[in-house]
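Residue numbers start at 1 and run along the sequence shown.
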Amino acid sequence: MSAMSVPVALTSSMAAAPSSPSSPSLASSSAPGRGASESVSDVSAPVPSPRPTLGERLGQWFGRGKSGGQGGAPKDGKDGKGDGKIVAAPLSARAENALRRQLAQCFSARLTDSSANEAAREFMARYGAASAEEQLALLTVVADICASDGEVGGDGKGAVKDTGKDASKDAAKDAAKDARRAASTATGLAGALGSARVRFLKRFNALPDGLPFLVNWRADMLRHRAALPGLAALEDDLGSLFSTWFDVGLLELHPITWDSPASLLEKLMRYEAVHEISSWADLRNRLDSDRRCYAFFHPRMSREPLIFVEVAFVPEMAADVHSLLDEKAPLEDLRRVRWAIFYSISNTQPGLRGVSFGNFLLKRVIDELRLDFPKLRNFATLSPIPGFNDWLRQLSAQALAEALGPKRAKLLAQEPSLATQASGAQMMAWLQASPDRKSGRALQRALGEALAAYYLARETVRGQPRDPVARFHLGNGARVERINWHADLSKKGAKQSCGMMVNYLYEPDELDANLQRLIDGEPALGRAVSRLL
């Protein structure tokens, strides 16, 4: 996906210049080489966060690469709210009661109620302009209201505290509460769509900028859900609505090129979750004539890519990422291209976690490429193995020997730098080392590839591949084609998988059969991988 993730992944990033170039395409040239012109290579700028100061831009630039997820989300989170250290800003009793009245109106009124819609608009604007601490305070009140199903009662739970109510109002309130409880137990689509929480969320969606707000809002809900359990039902409802609102049939597939708006290219740099884009020259290389980049967009979020994939055309199945990202490599002749390699897939919106459209993206892109290049027949990924090291370090000596098998376990026992009964953690450290002897390096590669094959083909969680990227690609109908030793020698590659990567092969006519094999518990494997088991 590579990450493809899901990751990915998410799951993102002026420095030298205080403002973005008005049009990166102005710096392009028609030179036959891959390298960017001097004017382009001199510009190296990670993407700023929304409304950054100059100091924040510089800090963001020099702090790049210290965080980030596998295929899933902007690398720096959202204004630092993922660090778990945020304390909600205090709200006065008067401000909290006013907020509760505002939200209760949004919960209880009809969708066509103009005053309730205005209240929702004011809340949306207030939340968007608030600091992280203030947003947490607002979320706390929302969670309290949702915990009591949006009720406006006198017990103070999710309610506006109001004394002096007469008996008739209390009776009416109790009757309304009973009606709501009865409605909450209703089954079927009508009952679900009629819930107060869904109506509350649909009210925001009806506003001009409501959908982007809800996507960002759900990201905050997911971040604070453990601390605010009252949010769980609202977040679940919003996730269910997103499955409909972001149905793949509503999404638009568009190519991203060097001529795309600079604001979109900046987002591409920020959201890249697999192989960090280090500069404008790096980005230009990834968008050159022998490359492609496609993204899904929603019509109501036309400037915000939801997920994107980067593609390289190469003469043979790629074995390492460094050659793919080499800015000095010559351009490939598209008339003779044989392979399309998907080397990065990145989800961009944490708020859309659980909404699956990555598999549709790859299949749509394959269809597009086959139209543009009728002779192109080979499609594969060069993907990370993000969970390998975490799995390996947890293995006991006995489990490691079982994973290697009797013959390889005997070879392991002959390695003088390892203990007789090496654990998984010791094996991982040895795989990351650089043996002096040629025989040691050969053994290192043989055992590393065997362990990676075992991990990808045999390790499962609840019947699904343990590795998230493998789960994604095998779930799309691909097969594990080849393990690549020292394919990613970056710090991230060494930390994730001792530098190994994997090719997943996409054969359009075999996708359904491969998926059925996965369902049957036997994932599709290429010959080279099968020999490692």
Visitor: Please check if any side-chain donor atom of D488 sits under 3.5 Å from a side-chain acceptor atom of S490, or the reverse.
Guide: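 Side-chain D/A pair, D488 to S490: present.
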Visitor: Looking only at heavy atoms, what is the nearest atom pair of A88 and L136, with distance?
Guide: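 The pair with the smallest heavy-atom distance is N-CD2, 3.6 Å.
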Visitor: Do you know which two heavy atoms are closest between N389 and A494, and how far apart they sit?
Guide: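 Heavy atoms of N389 and A494 come nearest at ND2-O, 3.0 Å.
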Visitor: For the atom pair CG (D288) and CD (E327), what is the distance rounded to the nearest 0.5 Å?
Guide: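 Between D288 CG and E327 CD, I get 10.5 Å after rounding to 0.5 Å.
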Visitor: Which heavy atom in L382 sits nearest to a heavy atom in V321, and how many Å separate them?
Guide: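 Smallest heavy-atom distance, with atoms named: CD2-N, 3.5 Å.
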Visitor: Does any non-hydrogen side-chain atom of F246 lie less than 4.5 Å from one of L352?
Guide: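 Answer yes - side chains close enough.
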Visitor: Is there a donor in the side chain of Y271 and an acceptor in the side chain of N347, or the other way round, less than 3.5 Å apart?
Guide: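 Distance-only check fails for Y271 and N347.
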Visitor: State the CG-CG distance between L287 and L265, to the nearest 0.5 angstrom.
Guide: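 Reported value, rounded in 0.5 Å steps: 6.5 Å.
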Visitor: Check whether more than 12 heavy atoms from other residues, nucleotides or ligands sit under 6.0 Å from atom CZ of F360, and answer yes or no.
Guide: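 Count not over threshold, so no.
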Visitor: Measure the shortest side-chain to side-chain distance between F297 and L253 over non-hydrogen atoms and say whether it is less than 4.5 angstrom.
Guide: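 When only atoms from C-beta onward are counted, L253 and F297 do not touch, as no gap falls below 4.5 Å.
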Visitor: For the atom pair CZ (R218) and CG (L201), what is the distance rounded to the nearest 0.5 Å?
Guide: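 R218 atom CZ to L201 atom CG measures 11.0 Å (nearest 0.5 Å).
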Visitor: Might you work through the side-chain contact (heavy atoms from CB on, under 4.5 Å) test for E134 and Y127, ending with a clear yes or no?
Guide: CA-CA 8 Å; E134 292 167 340; Y127 190 91; over 6 Å; no
Visitor: Test side-chain contact (heavy atoms from CB on, under 4.5 Å) on V142 and I145; report intermediate values, then the result.
Guide: CA-CA 5 Å; V142 173; I145 294 176; 5.9 Å; no
Visitor: Salt bridge check: are R223 and D220 linked by an N-O gap of less than 4.0 Å?
Guide: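 Yes, charged N to carboxylate O under 4.0 Å.
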Visitor: Which heavy atom of A120 sits nearest to which heavy atom of R203, and what is that distance?
Guide: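 In terms of heavy atoms, the two residues are closest at CB-CD, 3.8 Å.
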Visitor: Are the side chain of S302 and the backbone of H298 linked by a donor-acceptor contact shorter than 3.5 Å?
Guide: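 No, the answer is negative, given that no donor and acceptor are paired below the 3.5 Å cut-off.
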Visitor: Of all heavy-atom pairs between A478 and Y506, which one has the smallest distance, and what is that distance?
Guide: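 Closest approach of A478 to Y506: CB-CE1, 3.6 Å.
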Visitor: Over all heavy atoms of both residues, which pair between E272 and S344 is shortest? Give the atoms and the distance, please.
Guide: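 Scanning both residues, the minimum pair turns out to be OE2-OG, 2.8 Å.
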Visitor: Taking S260 for its side chain and I256 for its backbone only, find out whether a donor-acceptor pair lies under 3.5 Å.
Guide: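 No; judged by distance alone, with no hydrogens or angles, the pair does not exist.
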Visitor: Please check this pair: side chain of N285 against backbone of A281, looking for a donor-acceptor N/O pair closer than 3.5 Å.
Guide: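 Flag not set: sc N285 to bb A281 has no pair under 3.5 Å.
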Visitor: Applying the side chain to side chain contact (heavy atoms under 4.5 Å, CB included) criterion to H473, which one of L362, D467, V502 satisfies it?
Guide: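 The side chain to side chain contact (heavy atoms under 4.5 Å, CB included) with H473 is passed solely by L362 among L362, D467, V502.
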Visitor: To the nearest 0.5 angstrom, please state how far the NE2 atom of H275 sits from the CG atom of L324.
Guide: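 Interatomic distance, H275 NE2 to L324 CG, rounded to 0.5 Å: 8.0 Å.
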Visitor: Evaluate the side-chain proximity of L369 to Y294: yes if any heavy-atom separation is below 4.5 Å, no if none is.
Guide: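 Yes, side chains in contact.
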Visitor: Are F213 and F204 close enough that their ring centres sit under 6.0 Å apart?
Guide: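 Yes, the ring centres sit under 6.0 Å apart.
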Visitor: One pair to check against side-chain contact (heavy atoms from CB on, under 4.5 Å): M501 and I385. What are the steps and the verdict?
Guide: CA-CA 6 Å; M501 300 186 76; I385 315 175; 5.5 Å; no
Visitor: Are F296 and H254 close enough that their ring centers fall under 6.0 Å?
Guide: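 No, the ring of F296 stays outside the 6.0 Å limit from the ring of H254, centre to centre.
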Visitor: Inspect the surroundings of CZ in R353 and state if more than 12 heavy atoms from other residues, nucleotides or ligands are less than 6.0 Å away.
Guide: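 No - once you tally the heavy atoms of other residues, nucleotides and ligands closer than 6.0 Å, there are 12 at most.
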Visitor: Does any part of the side chain of R466, heavy atoms only, come nearer than 4.5 Å to the side chain of T460, both counted from C-beta?
Guide: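 When only atoms from C-beta onward are counted, R466 and T460 do not touch, as no gap falls below 4.5 Å.
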Visitor: With a 4.5 Å cut-off on side-chain heavy atoms, are C106 and F123 touching?
Guide: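 A side-chain contact is absent here, since even the closest heavy-atom pair is not under 4.5 Å.
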Visitor: Under the salt bridge (Lys or Arg N to Asp or Glu O under 4.0 Å) test, which residues partner D236, sequence neighbours left out?
Guide: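 With neighbours one apart ignored, the set is R225.
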Visitor: For the CG atom of L138 and the CD atom of Q135, what is their distance to the nearest 0.5 Å?
Guide: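 Those atoms lie 7.5 Å apart.
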Visitor: Evaluate E368 against R364 for salt bridge (Lys or Arg N to Asp or Glu O under 4.0 Å), listing each step before the verdict.
Guide: CA-CA 6 Å; E368 290 288 324; R364 284 280 303 276; 5.0 Å; no
Visitor: Looking only at atom types and distance, does a side-chain atom of S346 sit under 3.5 Å from a main-chain N or O of F308, one as donor and one as acceptor?
Guide: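 Here the side-chain-to-backbone pair does not exist.
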Visitor: Measure the CZ-CD1 distance between R291 and I341 for me, rounded to the nearest 0.5 Å.
Guide: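 With rounding to 0.5 Å, CZ (R291) is 10.5 Å from CD1 (I341).
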Visitor: Does the pair C146 and F107 meet the rule for a side-chain contact (heavy atoms from CB on, under 4.5 Å), with working shown?
Guide: CA-CA 9 Å; C146 290; F107 269 100; 3.7 Å; yes
Visitor: Check whether any side-chain heavy atom of V311 sits under 4.5 Å from a side-chain heavy atom of C293, and report yes or no.
Guide: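 No - every pair of side-chain heavy atoms lies 4.5 Å or more apart.
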Visitor: Quick one: which residue pairs count as a salt bridge (charged side-chain N to carboxylate O under 4.0 Å, His left out) with a foot in residues 113-126, not counting sequence neighbours?
Guide: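 Passing the test, one end in residues 113-126: E118-R121.
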Visitor: Scan residues 300-313 for pairs that pass salt bridge (charged side-chain N to carboxylate O under 4.0 Å, His left out), counting only residues two or more places apart or in two chains.
Guide: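 Those involving residues 300-313 are K267-E304, R286-E310.
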Visitor: Got Y343 and T381 here, is their nearest side-chain heavy-atom distance under 4.5 Å?
Guide: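 Heavy-atom side-chain distance check fails, nothing below 4.5 Å.
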Visitor: Do L91 and L99 have side chains that approach each other closer than 4.5 Å (heavy atoms only, starting at C-beta)?
Guide: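 Answer yes - side chains close enough.
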Visitor: Are any side-chain N or O atoms of Q394 and backbone N or O atoms of D390, one a donor and one an acceptor, separated by less than 3.5 Å?
Guide: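 A pair under 3.5 Å: yes.
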